[in-house]
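Order of the sequence lines fixes the chain letters, A, B, ..., with proteins taken first and strands second; residue numbering starts at 1 for each chain. Every value quoted in this text rests on a predicted model; they were computed, and no experiment measured them.
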There are 2 protein chains.
Amino acid sequence: MTGRQHGVSAGVNLGALRTHNTALVLDLLRTAGPSGISRLELAERTGLTPQAVSKIIARLRLEGLAAEAGRRTSTGGKPRTVLRLLPGAGHAVGLHLDRDELTAVLCDLTGTVVAERRAPLDLGAGADTVVEGAAVEVEALLAGLSGPEPAPVLGVGVALPGPLDHTRGVLHRVTGFPEWSGFPLRDVLARRLGTAVVVDKDTNAAALEVAVRGAGPSACLAYLHLGTGLGAGLVIGGGVHRGARTGAGEFGHQVIQLDGPPCECGNRGCVEALCLAAVARGDVDGAARVLGAAAGNLVALLDIDEVLLGGRTVAAHEEAFVRGVGAVLDERARREGADRAVPVRAAPGGARTVAEGAAQLLLAPLFGRGEG
Amino acid sequence: MTGRQHGVSAGVNLGALRTHNTALVLDLLRTAGPSGISRLELAERTGLTPQAVSKIIARLRLEGLAAEAGRRTSTGGKPRTVLRLLPGAGHAVGLHLDRDELTAVLCDLTGTVVAERRAPLDLGAGADTVVEGAAVEVEALLAGLSGPEPAPVLGVGVALPGPLDHTRGVLHRVTGFPEWSGFPLRDVLARRLGTAVVVDKDTNAAALEVAVRGAGPSACLAYLHLGTGLGAGLVIGGGVHRGARTGAGEFGHQVIQLDGPPCECGNRGCVEALCLAAVARGDVDGAARVLGAAAGNLVALLDIDEVLLGGRTVAAHEEAFVRGVGAVLDERARREGADRAVPVRAAPGGARTVAEGAAQLLLAPLFGRGEG
DNA sequence: TCCACTTAAGCAACGCTGTTGCCAAAGTGC
DNA sequence: GCACTTTGGCAACAGCGTTGCTTAAGTGGA
């Protein structure tokens, strides 16, 4: 297919056209879930003719990606045949490298976790040790993929705290561990495992996971991650927005009190500092209010459709954070005369959201989400 | 072509493919300017084969959109033929409805202003009067488009302060003039003039103008408009980001001082209030610093490539604002260890930026920018 | 039980896209 | 003047979605 050259959007040929439409159909099949979807419905939703859909479906069935699954009740004529995605036709591994723990999940095509492993993690043990440990966990997961003809593994997605360069898969500085600075994680792990590897920030992976579930192809949502730090993953126009330097989502050091207390970043009045300080002194409601104010800024700036909260600190006081942030947003929406407030929810999937999102780094492109 | 249906990305057929590739070539022709670009260079930049480019160029020449313009020096063989866009092949009108003044510009295909009109504006005079006044100005502009075979006019783009719904072209509340609330400006003006009309926020139009000039198809930039209020236009991934409710770019009511002075929006410590207060007391440098802090939040959140400043208040103290905002961003970038600071510039075009951007609402889709 | 009707899905021909193979045109340089 | 390089068009081609028509598989009334 035609390559992409220094920032110029590429020309499109028949191959790209087919890939696009196929991805569209696959995404609708995936979204439909086990209950399936009919050819005609696919035609309506994509805008393609029924005949085009029939051809695409025939190809997908031949490739083992889709299958017929019963029929709907007749509406006066021949009943529609229901089609569904074959989840086992492909798998991907999601690897979440958190500060002290490694989580690895094996996901099928639908993104469902079919196996999971956890292990302690010590970034201070050195790059080689960490990479080897991660590779062993991945191999252990893949060993469970048996069967007469094992379905292909698309690759391994790795999610970890930034900053990093997702296009090249290279880490920048990792706070406290200077040896990791500039480490080419993607290439090293890809060579070690012999599979495709994609590296991204943990917050971006979580945002992708949330976008792939439920959110439509043009949705805008914000995933706010409050753990030992505060960061965000942004979904804009249905896709994760990373920016040219994978820097987008820098939310924690949003200055929200010009003359506030100093933050370790060198600035004053960052949300992260204010929020974590409130949590530290046991004032969860106060932390939620501060987080809500910053979230309000973000929601207004980008016209966000939905806010999702995740991370350990949120998980520890889930109800309080959802309620507190929601209250601030509601109040602001009411003042500004908006028809409806922006919904705030805890990110579904809990602690596994990031790992599942890491797997989606490889799965999502199949469905036209992400830079496939 | 296939329509777009409730948020589902549409299927693509041959017609859409052709439109896309043609727009790509047109955009490169436009970007190349009067100096032109050769067929082979177009092929390299788009990733299409030279033969495909030749066919597209032949079509464009037949339609009167492009022409040959000399040749390059030979590099050992047949010299490349240089092609350029024919600016006069089409025009669009840009209409900027500011609080007290109307600016209308007539732009050719390249976006160059070929005629301009200004008139005082009084929103309090009622919708009918304002629409009629605007229509008269547009007709006066178009009357100047003479010639043996007048080139087609694509339509009229209207830019005005929000909030509004750009998809339907309907205004929401206009502060101080309740009668405008819910006014279907697009349809009323389209019926009156008998041409296509597109309505958008002034900040979005300015952002589009800036994006169409210079910025690549995947650039992220922020246009900050400081006049009687403070707003932003966001370009993300090469296109203007508006959000589902045309609400994106709400930058002025970013809370930047939690316990700050009350703003008329009902909140406390909004940038707009702090910034305008500083200007009012003659402290331009202070205003620039506050604006810089808020801009820093925005830049970090979205990994913005470039910040552009516009609006009357900026224009009155251009050098001070560019320097002040730049200084705050530089300092923050240095603290965060970024390779380079984000450049800050005054938006080129000055007071006419919004009007030119309004015209681009119709021109840009031809070049694959915006939802054409 | 039959038959008219409706709806779904496939077959075949088609139009149009970009691609490939080949050749003419138009230069340079020895 | 000739060999070579580079550009760009012509013609045939593969492959995409579309169109026109046919077949399959139901419902419902006589």
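Neither OP1 nor OP2 of dT28(C) sits under 4.0 Å from any side-chain N or O of Ser74(B). Phosphate proximity of dG26(D) to Arg71(A): present, with a side-chain N or O under 4.0 Å from OP1 or OP2. Contact annotation: Asn21(B) does not reach the phosphate of dT17(C) (side-chain N/O to OP1 or OP2, under 4.0 Å). Contact annotation: Asn13(A) side-chain N/O to dT17(C) OP1/OP2 distance is not under 4.0 Å.
Following rounding to the nearest Å, Leu17(A) (CG) and dC16(C) (C1') show an atom-to-atom distance of 11 Å. In this structure, CG of Leu48(A) is placed 15 Å from P of dA9(C), rounded to the nearest angstrom. The interatomic distance linking Leu14(B) (CG) with dT19(D) (P) rounds to 11 Å, in whole Å. Here dG15(D) presents its P atom at 11 Å from CZ of Arg59(A), a figure rounded to the nearest Å. Rounding to whole angstrom units, CD1 of residue Ile37(A) and P of dA8(C) are separated by 13 Å. Computed from coordinates, the His20(B) NE2 to dC16(D) C1' distance equals 16 Å when rounded to whole Å. Rounded to whole Å, atom P of dA8(C) lies 15 Å from atom CD1 of Ile57(A).
A salt bridge does not link Arg168(B) with Asp187(B): every distance from a Lys NZ or Arg NE/NH1/NH2 to an Asp or Glu carboxylate oxygen is 4.0 Å or more.
With hydrogens and angles ignored, the 3.5 Å screen pairs no side-chain donor or acceptor of Arg39(B) with any backbone N or O of Ile57(B). With hydrogens and angles disregarded, no donor-acceptor distance shorter than 3.5 Å links the side chain of Asp305(A) to the backbone of Leu221(A). Remark: side-chain polar atoms of Thr246(A) are not paired, donor with acceptor, to backbone N or O of Arg242(A) under 3.5 angstrom. In terms of modelled atom types and a separation under 3.5 Å, the side chain of Asn21(A) and the main chain of Leu24(A) share no donor-acceptor contact.
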Could you list, one pair per line, each protein nitrogen or oxygen that sits under 3.5 Å from a nitrogen or oxygen of nucleotides 8-11 of chain D, together with the distance?
from: dG8(D); atom 1: OP1; to: Thr81(B); atom 2: N; distance (Å): 2.7
from: dG8(D); atom 1: OP1; to: Thr81(B); atom 2: OG1; distance (Å): 2.8
from: dG9(D); atom 1: OP1; to: Arg39(B); atom 2: NH2; distance (Å): 3.3
from: dG9(D); atom 1: OP2; to: Ser54(B); atom 2: OG; distance (Å): 2.7
from: dG9(D); atom 1: N7; to: Gln51(B); atom 2: OE1; distance (Å): 3.0
from: dC10(D); atom 1: N4; to: Gln51(B); atom 2: OE1; distance (Å): 2.9
from: dC10(D); atom 1: N4; to: Gln51(B); atom 2: NE2; distance (Å): 3.2

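Side-chain N/O atoms of Ser38(A) and Arg72(A) include no donor and acceptor closer than 3.5 Å.
Residue contacts shown for Arg72(A) are absent, as no nucleic acid heavy atom lies under 4.0 Å away.
The 12-atom threshold is exceeded at CZ of Arg59(B), counting heavy atoms of other residues, nucleotides or ligands nearer than 6.0 Å.
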